[in-house]
Amino acid sequence: MNFKINQDYLKIILRVSMALVWFINGLFCKLLNMVPRHQEIVGRILGENHAFLITKAIGVGELFMVVWIFSRIKSKWCSIAQIGLVVTMNIIEAILAPDLLLFGRGNLFIALLFVIAVYINEFLLVGINTTSENAVS
């Protein structure tokens with residue numbers, strides 16, 4: 001019983017942590033431009049002419065990801081989308097803009113940890129239901 005409760009909390013903690021990553025990067029780093037390097041990365045990869053607008057659009061997309069994570073609608077697809085986006089984005093950045101990344105190519109390691117957390121949360125803890133309906137009395 002105690003183990004199940006701990007797994008339930010783990011699942012909630014992972015979900016909130018994932019959503020926070022998308023929220024912080026979307027709102028603070030991109031929409032509010034508190035980390036200008038994000039727009040520089042977009043400019044390097046997609047061109048300077050529209051970097052401002054594309055960065056804002058990416059930020060809005062990241063906020064939509066937060067809503068999708070918490071909605072739990074098609075959660076497997078949400079997890080696959082997160083994994084695909086994070087892997088693709090980090091590989092492109094490591095190739096085209098490593099000097100602009102916080103940890104250079106080391107960002108790939110952090111991305112890998114994030115992807116592992118997403119995978120564990122959705123595919124390894126899949127039998128864990130965080131609602132109280134399935135609680136054993």
**Prompt:** Which atoms form the tightest heavy-atom contact between Leu32 and Lys56, and what is the distance?
**Reply:** N-NZ, 4.5 Å
**Request:** Could you pull out all residues at least two apart from Leu14 that satisfy side-chain contact (heavy atoms from CB on, under 4.5 Å)?
**Result:** Leu10, Ala117, Ile120, Asn121, Leu125
**Message:** Going by side chain to side chain donor-acceptor pair (under 3.5 Å), name the pairs with one or both residues in residues 20-34, residues two or more places apart or in two chains.
**Reply:** Trp22-Gln82, Lys30-His38, Lys30-Glu62
**Request:** Consider only side-chain heavy atoms of I, L, V, M, F, W and Y, link residues closer than 4.5 Å, and tell whether Ile110 and Ile116 are in one cluster.
**Result:** no
**Asked** For the residue pair Ala97 and Ile41, what are the closest heavy atoms and their distance?
**Response** CB-CG2, 4.4 Å
**Over all atoms of both residues, closest heavy-atom pair of Ile69 and Arg15** = CG2-CG, 3.4 Å
**Item:** Flag side-chain contact, heavy atom, 4.5 Å: Phe123 against Ser79
**Value:** yes
**Message:** Restricting to non-hydrogen atoms, name the atom on Ser75 and the atom on Glu122 that form the minimum distance, rounded to 0.1 Å.
**Reply:** OG-OE2, 3.0 Å
**Asked** Mind checking whether Ile58 and Val60 sit in one hydrophobic cluster, side chains of I, L, V, M, F, W, Y counted as touching below 4.5 Å?
**Response** yes
**Prompt:** Are any of the side-chain heavy atoms of Leu63 and Phe23 separated by less than 4.5 Å?
**Reply:** yes
**Asked** If you round to the nearest 0.5 Å, how far is CZ of Arg72 from SG of Cys78?
**Response** 10.5 Å
**Message:** If I take atom CD1 from residue Ile80 and atom NZ from residue Lys74, how far apart are they, to the nearest 0.5 angstrom?
**Reply:** 11.5 Å
**Verify same cluster id: Val86, Val67 (apolar side-chain graph, 4.5 Å)** = no
**Item:** Stepwise side chain to side chain contact (heavy atoms under 4.5 Å, CB included) check, Met65 with Leu85
**Value:** CA-CA 11 Å; Met65 185 63 76; Leu85 287 167; 3.7 Å; yes
**Request:** Starting at OG1 of Thr88, measure out to CD1 of Ile83 and round the result to the nearest 0.5 Å.
**Result:** 11.0 Å
**Fill in**
Interatomic distance, CG@Leu46 vs CD1@Ile92, rounded to 0.5 Å, equals 8.0 Å
**Request:** Identify, with sequence neighbours excluded, every residue that meets side-chain contact (heavy atoms from CB on, under 4.5 Å) alongside Leu102.
**Result:** Arg37, Asn107
**Asked** Can you get from Ile13 to Tyr119 by hopping between Ile, Leu, Val, Met, Phe, Trp and Tyr side chains that sit under 4.5 Å apart?
**Response** no
**Prompt:** Which pair of heavy atoms, one from Val16 and one from Phe70, lies closest together, and at what distance?
**Reply:** CG2-CE2, 4.0 Å
**Message:** Would you compute the distance between atom CG of Leu101 and atom CG of Asn90 and round it to the nearest 0.5 angstrom?
**Reply:** 7.5 Å
**Fill in**
On a heavy-atom basis, the closest approach of Leu108 and Ala94 is CD1-CB, 3.8 Å
**Within one Ile-Leu-Val-Met-Phe-Trp-Tyr cluster: Leu31 and Met34, side-chain cutoff 4.5 Å** = yes
**Request:** With rounding to the nearest 0.5 Å, note down the distance linking CZ in Arg44 to CD in Gln39.
**Result:** 13.5 Å
**Prompt:** Can you find a pair of side-chain heavy atoms, one from Phe109 and one from Phe103, that are under 4.5 Å apart?
**Reply:** no
